[in-house]
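What you see is a predicted model, and the numbers here were worked out from it, not measured in a lab.
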Amino acid sequence: MRRLWLIILLSQLPVLLFGQDIRKIKEDPSFLWGEGTGKDYESMQASAVDALIQKLSSTDLIDLPQGRELAVWKTYRGDIIAASDVVWDSGTALRFIAWKEVEKIFARRKNLASGLYSRASKAFSEGRLGEAAACADWAMTLLEVLPNDRNARSSVMSLKNNLSKTSVAEVPGLSYVGREVEGIRSALGLKNPSTRMTTSKVASPSARLVERRETLPAESHVAQSSRPHIPVLETLPVIAENNCVSNASSGLSLVREYASTPKMTESRMPSKEPSGYDCFITVRAAFIPSYETGASFGIKKGRFGGYLSYMSSFACVKEDYSCSYEGLTDFGYIWATGQEKYSRFSVSSGVLVGITGNLSCYAGAGYGSVGCFWEDVSGQWARVREKSFKGLNIESGLVWAPGRVVLTAGLSSVSFSTISPVIGLGITL
């Protein structure tokens with residue numbers, strides 16, 4: 001009967017955890033979430049992402065033309081998936097993100113716009129005007145679908161004005177940027193300019209978008225102002241430099257008035273990309289039916305990972321013979337002194353799954369043994385058969401890592417015959 005209850009508890013633990021987590025997220029106003037259902041995992045996930053995008057499109061995080069909000073937010077689908085988390089239970093998936101983490105959705109495009117602006121400025125100074133015009137035009141389109149940054153817009157627009165009579169040229173190695181920009185312009189309802197189109201004849205999409213915004217009716221602003229107010233996110237990083245660049249062959253001169261943010265140089269850039277792996281090590285302890293200590297090591301990338309654990313009582317007891325729980329041996333009954341010792345050992349490995357924020361769950365299996373020994377009056381030790389087990393060791397529990405400190409709590413069992421609470425304390429690496 002005890003084995004049956006243990007199996008039921010371990011099998012229902014993920015459901016209980018995820019179900020409770022979904023309820024807490026829905027009730028917490030610091031989270032924005034979208035819920036989806038479906039017949040399989042993929043349809044559940046897609047439905048939940050769509051629901052979250054729908055909610056994001058009703059906020060005032062980005063100043064967009066009325067009626068284009070949802071289409072533009074759909075272009076952020078990959079960034080939203082990367083910045084958010086998901087939990088699921090009984091055919092329901094919940095995709096969620098904390099309000100304080102929403103700015104992560106824009107991080108990639110902010111960096112891309114800043115990089116394009118830097119490349120456009122360099123190409124202009126070196127006389128590659130077609131490349132400069134293309135990069136500046138792309139950067140401006142990205143800025144149109146990012147939280148408002150006047151300094152960045154002013155810098156890019158100043159560069160575009162100096163290239164107003166320059167044909168847009170193809171930029172080697174950046175075709176993926178062109179495809180993304182095309183998708184954004186389509187979402188904004190703008191036509192994509194053909195390659196090498198002279199901007200003096202046809203206004204650039206960015207300029208048309210600015211004009212479109214200026215002529216929006218007053219009621220559209222009222223409608224947007226009724227959306228939930230979100231604080232303005234940090235400004236887009238822009239390279240700071242004040243100088244005049246002239247091009248003798250074209251007769252053009254450009255005075256670049258950049259934002260006052262510090263110039264980003266190679267020395268200030270990270271030497272390599274972060275690995276994205278989260279590692280931790282803990283010291284573990286179990287107390288029932290006897291004291292047992294050990295250690296565990298875990299590694300996780302994103303929401304999924306794995307772990308290894310080892311535990312032992314570090315007590316070596318020499319077995320002289322065995323007896324039953326009633327004290328019956330092969331030669332009669334044991335004359336016990338009342339002294340009892342346990343010898344325990346377990347090793348296991350398994351998976352780590354992120355639930356939300358700093359909370360994860362783990363589940364694993366391996367090998368374990370529990371030996372119970374009674375001392376007799378002659379100083380020999382008898383193994384108690386009904387209280388000694390060896391074989392499959394299973395365990396599951398939670399991992400909480402709020403910072404550098406890691407706390408774990410769970411249950412383990414040997415051969416479905418013992419139940420031991422296990423706690424751990426460690427650090428992240």
Tell me whether [X] is salt-bridged to [Y], with the criterion being a basic N under 4.0 Å from an acidic carboxylate O.
{"X": "Arg284", "Y": "Glu395", "value": "yes"}
{"X": "Glu180", "Y": "Arg108", "value": "yes"}
{"X": "Glu101", "Y": "Lys104", "value": "yes"}
{"X": "Arg153", "Y": "Glu144", "value": "yes"}
{"X": "Lys122", "Y": "Glu131", "value": "no"}
{"X": "Asp278", "Y": "Lys301", "value": "no"}

Are [X] and [Y] linked by a side-chain donor-acceptor pair shorter than 3.5 Å?
{"X": "Thr59", "Y": "Glu69", "answer": "no"}
{"X": "Tyr342", "Y": "Lys387", "answer": "yes"}
{"X": "Ser296", "Y": "Thr282", "answer": "yes"}
{"X": "Arg404", "Y": "Thr428", "answer": "yes"}

Exercise for review: Please name the residue in the list Phe297, Phe280, Tyr307 that meets the ring pair (Phe, Tyr, Trp, His ring centres under 6.0 Å) test with Tyr362.
Suggested key: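 Answer after filtering Phe297, Phe280, Tyr307: Tyr307.
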Point to revise | Interatomic distance, Lys74 atom NZ to Ser186 atom OG [nearest 0.5 angstrom] | key: 11.5 Å
Point to revise | Candidate pair Arg95 and Glu35, rule salt bridge (Lys or Arg N to Asp or Glu O under 4.0 Å), full reasoning | key: CA-CA 6 Å; Arg95 173 70 64 170; Glu35 189 173 24; over 6 Å; no
Short side-chain to backbone donor-acceptor contact, [X] and [Y], under 3.5 Å:
{"X": "Ser343", "Y": "Gly371", "result": "no"}
{"X": "Asn111", "Y": "Ala107", "result": "yes"}
{"X": "Ser415", "Y": "Lys390", "result": "yes"}

Heavy atoms, side chains only, cut-off 4.5 Å: are [X] and [Y] in contact?
{"X": "Thr75", "Y": "Arg109", "answer": "yes"}
{"X": "Asn148", "Y": "Asp63", "answer": "no"}
{"X": "Ile81", "Y": "Arg77", "answer": "yes"}
{"X": "Arg303", "Y": "Asp85", "answer": "yes"}

**Study point:** Summary of ring pair (Phe, Tyr, Trp, His ring centres under 6.0 Å) pairs that have at least one residue in residues 54-87, sequence neighbours excluded
**Key:** Trp73-Tyr76, Trp73-Phe106, Tyr76-Phe106
Side chains of residues 286-295: which donor-acceptor partners sit under 3.5 Å, not counting sequence neighbours?
{"residue": "Glu292", "atom": "OE1", "partner": "Arg344", "partner atom": "NE", "Å": "3.2"}
{"residue": "Glu292", "atom": "OE1", "partner": "Arg344", "partner atom": "NH2", "Å": "2.9"}

